[in-house]
Amino acid sequence: MVESRVAIVTGAARGIGAATAKRLAEDGFAVGVIDLDEKSCGDTVSAIESGGGKALAIGADVADAEQVQAAVDRVAAELGAPTVLVNNAGVLRDNMLFKMSEDDWDTVMNVHLRGSFLMARAVQKHMVEAKWGRIVNLSSTSALGNRGQANYSTAKAGLQGLTKTLAIELGKFGITANAIAPGFIATDMTKATAERVGMSFEDFTTAAISQIPVARAGKPEDIANTVSFFADERSGFVSGQVIYVAGGPKA
């Protein structure tokens, strides 16, 4: 059995991150709920606590090394040593290549890639000491390429490479690293994409569903369920994998 039952979920104020934090709490983990603004984490923490779980809201920019270390230190001090990390924090700065600014590129790279690297580096110490750990990185079907998302697609593909390297480096310490690549999930982020392409969210969702074999949109809970599988003690022989949770085959 694992002594430490503490997880960290980034970008956990809403959407996939919030659903994941709640699911891990149901699974018996105390959860460090991290997002850019600590107050925005209140709903997630309240939902966990009302269900009898334990959670801690922390405001941190995952692209800032000092803030990341401070956040991880606070989780360790107030909840216990974290042995599960879900790198979910993400932003969109969609645009066609000829319109994409350097800031659009750098912002997406910093949050998705630099943020996941910094979080993993800060948390791995606790996992190595526990001789057990689970790292789950949120990639995307956009890693396969997506119009208007040169920055996001590149970052999400990069996360798959990071995942496989972490699996190789950390495996001997009882730590697994896996990635989840969601397809169309109904969240505020996909609403923003609909606005970018000039469609109502209803029409955008209908169009997406027409291309999904299981004939429905994904829910944040669909991703949370997959995180739960990867975080389980019984999943220790699954590492370095990318699972596309997209209602049908992708890659």
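Residues F230 and V86 are not in side-chain contact: their nearest non-hydrogen atoms beyond the backbone lie 4.5 Å or more apart. Within the 4.5 Å cutoff, side-chain heavy atoms of V111 are placed close to those of V62. Between M127 and L170, every side-chain heavy-atom pair lies at or beyond the 4.5 Å cut-off.
The main-chain N or O of V108 is never found under 3.5 Å from a side-chain atom of N151 such that the two would form a donor-acceptor pair. Listed for the D222 side chain is a donor-acceptor partner under 3.5 Å among the backbone atoms of K219. Of the possible donor and acceptor atoms, one in the side chain of R5 sits under 3.5 Å from a partner among the backbone N and O of D27. Of the possible donor and acceptor atoms, one in the side chain of T44 sits under 3.5 Å from a partner among the backbone N and O of A12. Looking only at distances, no side-chain donor or acceptor of T83 sits under 3.5 Å from a matching main-chain atom of G133.
Linking ILVMFWY residues whenever their side-chain heavy atoms come closer than 4.5 Å, directly or via other members, leaves V75 and V31 in distinct clusters. The same ILVMFWY cluster, assembled from side-chain heavy atoms under 4.5 Å apart, contains both I34 and L159. Each of V72 and F29 belongs to its own hydrophobic cluster when Ile, Leu, Val, Met, Phe, Trp and Tyr are linked at side-chain heavy-atom distances under 4.5 angstrom.
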Using distance only, find each side-chain donor-acceptor pair of residues 239-247 under 3.5 Å and give its atom names and separation, not counting sequence neighbours.
residue: S239; atom: OG; partner: A177; partner atom: N; Å: 3.1
residue: Q241; atom: NE2; partner: S239; partner atom: O; Å: 3.1
residue: Y244; atom: OH; partner: Q160; partner atom: NE2; Å: 3.1

Give the C-alpha distance, both sets of side-chain angles, the deciding distance and a yes or no for side chain to side chain donor-acceptor pair (under 3.5 Å) between S235 and D232.
-> CA-CA 5 Å; S235 299; D232 194 283; 4.8 Å; no
Take T107 and R93 through the test side chain to side chain donor-acceptor pair (under 3.5 Å) and record every step on the way to the result.
-> CA-CA 8 Å; T107 296; R93 295 291 186 273; 4.8 Å; no
